[in-house]
Amino acid sequence: CALPICFPVTIQKVDPAARQERIKRADSSYPIIVMRHKVPGTPKHQYQVLDGTHRVAKALAAGQKKIAARIVDRGHMQKFYVPRLGQEKK
């Protein structure tokens, strides 16, 4: 099934050739890691790629319709939460 995947956007200066090389070398034998979270006020979920964006780009460029993925619920990710510096509980 097609999942509504969202990618967090970060602005960085990346050499396009280096990015293409990284996509080319992406090892698609590993599944991507995707977090599922509920859309407030609806029965729907959204999915966010946590690891594997280069593998996704490689699969899309190759015309693949499916990719191996491990899906984790947002609630399960709470135990891995690390506060930003300066925002720690005292």
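Throughout, residue positions are numbered sequentially from 1 according to the sequence presented. As the structure is a prediction and not an experimental result, all values here were calculated from the model.
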A.B. asks: If we ignore hydrogens and angles and just use 3.5 Å, is the side chain of D73 paired with the main-chain N or O of G75 as donor and acceptor?
C.D. replies: no
A.B. asks: What are the two closest heavy atoms between V34 and I32, and how far apart are they?
C.D. replies: CG2-CD1, 3.6 Å
A.B. asks: To the nearest 0.5 Å, how far apart are CE in M35 and NE2 in H76?
C.D. replies: 13.0 Å
A.B. asks: Let me check something: any side-chain donor-acceptor pairs from residues 55-64 under 3.5 Å, sequence neighbours excluded? List them with distances.
C.D. replies:
unit_1	atom_1	unit_2	atom_2	d
R55	NH1	Y30	O	3.3
R55	NH1	P31	O	2.8
R55	NH2	D51	OD2	2.7
K58	NZ	K24	O	3.2
K58	NZ	A26	O	2.8
Q64	NE2	K66	O	3.1

A.B. asks: Side-chain contact, heavy-atom cut-off 4.5 Å: H37 with Q48?
C.D. replies: yes
A.B. asks: Out of curiosity, I71 CD1 to H45 NE2, how far, rounded to the nearest 0.5 Å?
C.D. replies: 10.5 Å
A.B. asks: Within the structure provided, determine whether V72 and R36 are in side-chain contact (heavy-atom separation under 4.5 Å).
C.D. replies: no
A.B. asks: When you group the ILVMFWY residues by side-chain heavy-atom contacts below 4.5 Å and let the links chain together, are I23 and V49 in the same group?
C.D. replies: no
A.B. asks: Using the rule given for side chain to side chain contact (heavy atoms under 4.5 Å, CB included), can you reason through M77 versus L50, listing the C-alpha separation, both sets of side-chain angles and the distance that settles it, and then say yes or no?
C.D. replies: CA-CA 11 Å; M77 295 302 294; L50 300 179; 3.8 Å; yes
